[in-house]
Protein chains: 2
Amino acid sequence: MQLTHKPAKPRQARSEQAEQRILAAAEQVFATAGFGGATMSALAAAAGLPSANLHYHFGTKEGLYKAVLQNIMRLWLEAAEGITASAAPAQALSAYIKAKLAYSRTRPYASKVFANEVLHGAVHLQSYLGEELRLVVARKTQVLQGWMEKGQMEQVDARHLFFLLWAMTQTYADFDTQIRTVLGREALLEEDFAIAEDLILRFTLRGCGLEFPLKEHRA
Amino acid sequence: MQLTHKPAKPRQARSEQAEQRILAAAEQVFATAGFGGATMSALAAAAGLPSANLHYHFGTKEGLYKAVLQNIMRLWLEAAEGITASAAPAQALSAYIKAKLAYSRTRPYASKVFANEVLHGAVHLQSYLGEELRLVVARKTQVLQGWMEKGQMEQVDARHLFFLLWAMTQTYADFDTQIRTVLGREALLEEDFAIAEDLILRFTLRGCGLEFPLKEHRA
DNA sequence: ACCAAAGCTGATTAAACAGTCAAGTTGTTT
DNA sequence: AAACAACTTGACTGTTTAATCAGCTTTGGT
């Protein structure tokens, strides 16, 4: 927990490479084993390095875990950038759903690490959830309320709308084992994600009193 | 993993009580710490017993974990019982959503243990997912397809419909930390679940081309 | 009242674990 | 090419952990 850490100010970072490699491997191991279930030797084996090496770069197991989480957090807020007052609700919400679902397809381990952390009380993410995420949700909620006041979409609770969008899109990463088993697949295919996207869009847009299917403008 | 277990056939089970107590405590500990993060002494402390006692009743940590999971599985399939060919789609789906959401409210730890297990590859649940759950989904999927053929609801992919219903209802248990933080609450209130229920029903029913809000018949 | 069987527990053990360290190698600056 | 910092590593250490076990108490059948 406490630091016997990397020499406080490394004059120059020569081996960014090793750290990236460790982080990528750790994302997978933490995703499949959880924090408690991941051992330093498993993490080291996945990175192809001796475990002393991981301690050199990240100090402690918890330090490595936090670095992995921080890496993931960067991705999470980007997706919502298209939700602005001047955008059209149907297009903006569609883009958000597509972006979030794309993360589930391309970064399933990142999603799982995040899910695992929140599931167990988010002790390492309290500040992120309480500050950054809370702020983004507050801002985006105001955008949606603006749309509602202008009659561009129906009245719905905007915060709960986000909870449901997160749930529906992330479930395809977090619970892929269950989904794959029910579908009888080794791995989820593009067509599965296409069906999912269509259904989530249908639910969301119609739920908000918007048109579905979306008609392309400027085809 | 291997058994040095409870005397194969206990003539009489005298202390059902202790096992229930251990299981209830273990559900909480496994939910908040995960399998790897839970220690036998933490489990024992939560149950208010020495750890040798837990080993007496459940053999190994994994044995206890499996018993907790098995306990949870019983709950999971019951909720879908109302989905039958003769039922009205809107009523049956509403009842299912309400039942699943009620579990998120009343048994959040059970939901979390299940979520955690699936998240990490469901190694202890493969047979359940592949057999029982797969079968139930196959049957309920047929019921929905029957409704669609009769024009009682729109064409949607029934299996993905279930994935989204599970995601939306269980998120209020599994990710309650995130939801509570965004809402600025110490604990989720009845009114939060009421809003959630309303929004999930709205999404689902409209997404399936059904009437929302539902009109009570035989009021 | 007696006696098995079932239930309980403190003390112990062997293995797994996170973290340390000293001795090495590599790369960069002057 | 010398000097130094960044990096790498195998061997090691103290602690935590799951699991065991021998001996004790409680319970129910007769």
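Computed over heavy atoms, backbone and side chain alike; hydrogens, waters and symmetry mates excluded. In what follows, chains are A, B, ... by sequence order, proteins preceding strands, each numbered from 1. Since the model is a prediction, treat every value here as computed from it, not as a measurement.
In this model, a donor atom of one side chain and an acceptor atom of the other lie less than 3.5 Å apart for B/E117 and B/Y65.
Atom-to-atom, CD of A/Q17 to P of C/dG27 comes out at 11 Å; the value is rounded to the nearest Å. Rounded to a whole Å, the NE2 atom of B/H55 is 21 Å from the P atom of C/dA6. Regarding A/E62, its CD atom lies at a distance of 18 Å from the P atom of C/dC17, rounded to whole Å. Counting to the nearest Å, the P atom of D/dT8 and the CZ atom of A/R21 are 10 Å from each other. Atom CZ in B/F35 sits roughly 12 Å away from atom C1' in D/dT17 (whole-Å rounding). Atom CD of A/E19 is separated from atom P of D/dT8 by 9 Å (rounded to the nearest Å). The OH atom of A/Y56 sits 4 Å away from the P atom of D/dC7 (whole-angstrom rounding). Rounding to whole angstrom units, NE2 of residue A/H57 and C1' of C/dT20 are separated by 16 Å.
Formation of a donor-acceptor pair under 3.5 Å by the B/R134 side chain with backbone atoms of A/T181 is found in this model.
Atom CZ of A/F193 sits in a crowded spot, with more than 12 heavy atoms from other residues, nucleotides or ligands closer than 6.0 Å.
Distances from the side chain of B/T39 to the nucleotides D/dT17, D/dT8, D/dA19 place D/dT17 closest. Here the side chain of B/M40 is nearest to one of D/dA18, D/dT8, C/dC8, namely D/dA18. Side-chain atoms of A/A52 lie closest to C/dC21 of the nucleotides D/dA19, C/dA18, C/dC21.
Residue contacts shown for A/A38 are limited to sugar-phosphate atoms, with no base heavy atom under 4.0 Å away. Using a 4.0 Å heavy-atom cutoff across all strands shown, B/A42 reaches no nucleic acid atom at all.
The six-membered or imidazole ring of A/F203 lies away from that of B/H160, with a centre-to-centre distance of 6.0 Å or more.
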